[in-house]
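First comes the structure, then the notes that go with it.
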There are 2 protein chains.
Amino acid sequence: MKRSRAPLQVSPQPALKLGRPERTRAAILNAAFDFIWAQPFRDMTVGSLMAATGVSRSAFYQYFDDRHELMETLLEMLQDEIFDVAQPWIAGVGDPVALLRESLEGLARVGYRRGPFLRAITDAAATEERLETAWKNFLGRFDDAACTRIEADQAQGLIPAFDVRPVAVALTRLDAYSLLEAFGQRPRSRPEPVQEALARVWISTLYGAKWAERDSSPLVRR
Amino acid sequence: MKRSRAPLQVSPQPALKLGRPERTRAAILNAAFDFIWAQPFRDMTVGSLMAATGVSRSAFYQYFDDRHELMETLLEMLQDEIFDVAQPWIAGVGDPVALLRESLEGLARVGYRRGPFLRAITDAAATEERLETAWKNFLGRFDDAACTRIEADQAQGLIPAFDVRPVAVALTRLDAYSLLEAFGQRPRSRPEPVQEALARVWISTLYGAKWAERDSSPLVRR
DNA sequence: TTCATGCCTGACACGATGTCAGATAGTATA
DNA sequence: TATACTATCTGACATCGTGTCAGGCATGAA
């Protein structure tokens, strides 16, 4: 069972100039990536994971406290990648509808590429408190960012006045679990319909249905 | 540790005229209800569960294959209760916005009452294939129902034309995971803001923002 | 009271986890 | 190159939760 095209790699150059510990750690992470890409988290035991590394099972504990801490590492690796693609709407200037479309397009793309990993993280979060907290914090960052943006646009009269937080939380969950549903396990759905559905819901809710159509010309101004 | 007001009860009359096996089965279920009400599913071992029943651990396996099958039973018990409160919009006639508000109000109410149980079910679903499938089927019933209703209203020109399925799936996930977020673990949030947020998103997306305000007079006609 | 049914129990084997003392490989020094 | 030191790695162990089994015992019928 050889790895043709790893979905994630710790070290692009297999083992260029790494000390032994770094190499082992990378081997564990790569084995985890491969595993999660192909199988659900519940089947990933420390034993089955380390069997793919050529290193003994107990060596695992030199690098991670347990499976869940490994998943926490994985979450940290994905966290910024995901948050970054949402930046246009979060922090951008210009036509907010276009920015929102751009952010959601990015989210759908990265969700598609990393779906199985996100899925593994949420599965793991159900069985351990620490990781559950980390996942909630991750979502919370989006909640906060969405609140800020919505409030700013409300102040400009672009979004109707309403109690922001619950709506922001709901929309964040919409994104997270729509992506997990569509891309969390292979075979994955096509990204386009998902992206369009998210855009429709977000835009209708915040800016009004008249902007929700794909071809509605936004008031471009950048 | 006595049970003051059980969140769910199998037999209202403690043990009126039940044979021994039925009584034991009910005791297990009640113990599970109490446990889940107070602690996360991950801490519910067969041992800790049966300790609360006065029956030996191994007796558990006479009634359930494992913890997950027990949770599947719990899901079956909740399934109809939840699906029923959504009926107004799913199958009702009259002002669709008012019906939708009614359904979402019901969902928020039952979500509030059963939140910890739903949470336990999704947590358990992450660790076992069978239950995962059952949960997906449960959500799928809502997806199908929402699709049907949306298509009907589209045919009447009440909802703009768009690719229905992805939007229905997204909105269903919005509901499920908003309720889980708000009510899945105690202390639970207040239901009203959650309900209003759900209503705003659903109504804006499907029927347009002009109906999204709480006090907008719907075209009542019943 | 006696008998038969089948629920219940304690003990067992298994699998996964996390730890530990000792073996060993890698690295710095002479 | 040889030596010694450091820290990784290993196999074995104790623990915990699971699911099964043969035998004991409560329950209800005759």
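So that the names make sense, note that chain A is the first sequence line, chain B the second, and so on, each numbered from 1. Bear in mind the structure is a predicted one, so any value in this text is a computation, not a measurement.
Pairs engaging residues 178-194 of chain B under the salt bridge (Lys or Arg N to Asp or Glu O under 4.0 Å) rule: A:Arg173-B:Glu181, B:Arg190-B:Glu192 [sequence neighbours left out]. Annotation: side-chain hydrogen bond (donor to acceptor under 3.5 Å, both in side chains) contacts involving residues 69-80 of chain B, sequence neighbours excluded, comprise B:Glu72-B:Arg130.
The distance from atom OH of B:Tyr63 to atom C1' of D:dT18 is 19 Å, rounded to the nearest whole Å. Distance CZ (B:Arg25) to P (C:dC8): 12 Å, rounded to an integer number of Å. Here D:dA7 presents its C1' atom at 12 Å from CD of A:Glu22, a figure rounded to the nearest Å. As a whole-Å value, the separation of B:Leu49 CG from D:dC16 P is 19 Å. Residue A:Gln62 contributes atom CD, which lies 16 Å from atom P of C:dA25 at whole-angstrom precision. Atom C1' of nucleotide C:dA25 and atom CZ of A:Arg23 are separated by 11 Å, given to the nearest angstrom. Straight-line distance from the CZ atom of B:Arg42 to the P atom of D:dG17: 15 Å, rounded to whole Å.
Taking side-chain N and O atoms only, A:Ser56 has no distance below 4.0 Å to OP1 or OP2 of D:dG11.
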N/O donor to acceptor pairs below 3.5 angstrom from side-chain atoms of residues 115-122 of chain B, sequence neighbours left out:
from: B:Arg119; atom 1: NE; to: B:Asp123; atom 2: OD1; distance (Å): 3.2
from: B:Arg119; atom 1: NE; to: B:Asp123; atom 2: OD2; distance (Å): 3.2
from: B:Arg119; atom 1: NH2; to: A:Glu132; atom 2: OE2; distance (Å): 2.7
from: B:Thr122; atom 1: OG1; to: B:Leu118; atom 2: O; distance (Å): 3.4
from: B:Thr122; atom 1: OG1; to: B:Arg119; atom 2: O; distance (Å): 2.9

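Partners of B:Arg149 under the side-chain hydrogen bond (donor to acceptor under 3.5 Å, both in side chains) rule, at least two apart in sequence or in another chain, are B:Asp153. In terms of the side-chain hydrogen bond (donor to acceptor under 3.5 Å, both in side chains) criterion, residue partners of B:Thr45 (sequence neighbours excluded) are, by chain and number, B:Ser48.
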Atom pairs under 3.5 Å, N or O on each side, protein against nucleotides 16-20 of chain C: can you list them with distances?
from: C:dT17; atom 1: OP2; to: A:Val46; atom 2: N; distance (Å): 3.2
from: C:dG18; atom 1: OP2; to: A:Tyr61; atom 2: OH; distance (Å): 3.2
from: C:dG18; atom 1: N7; to: A:Arg57; atom 2: NH1; distance (Å): 3.2
from: C:dG18; atom 1: O6; to: A:Arg57; atom 2: NH2; distance (Å): 2.5

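Between B:Ile82 and B:Arg114, every side-chain heavy-atom pair lies at or beyond the 4.5 Å cut-off.
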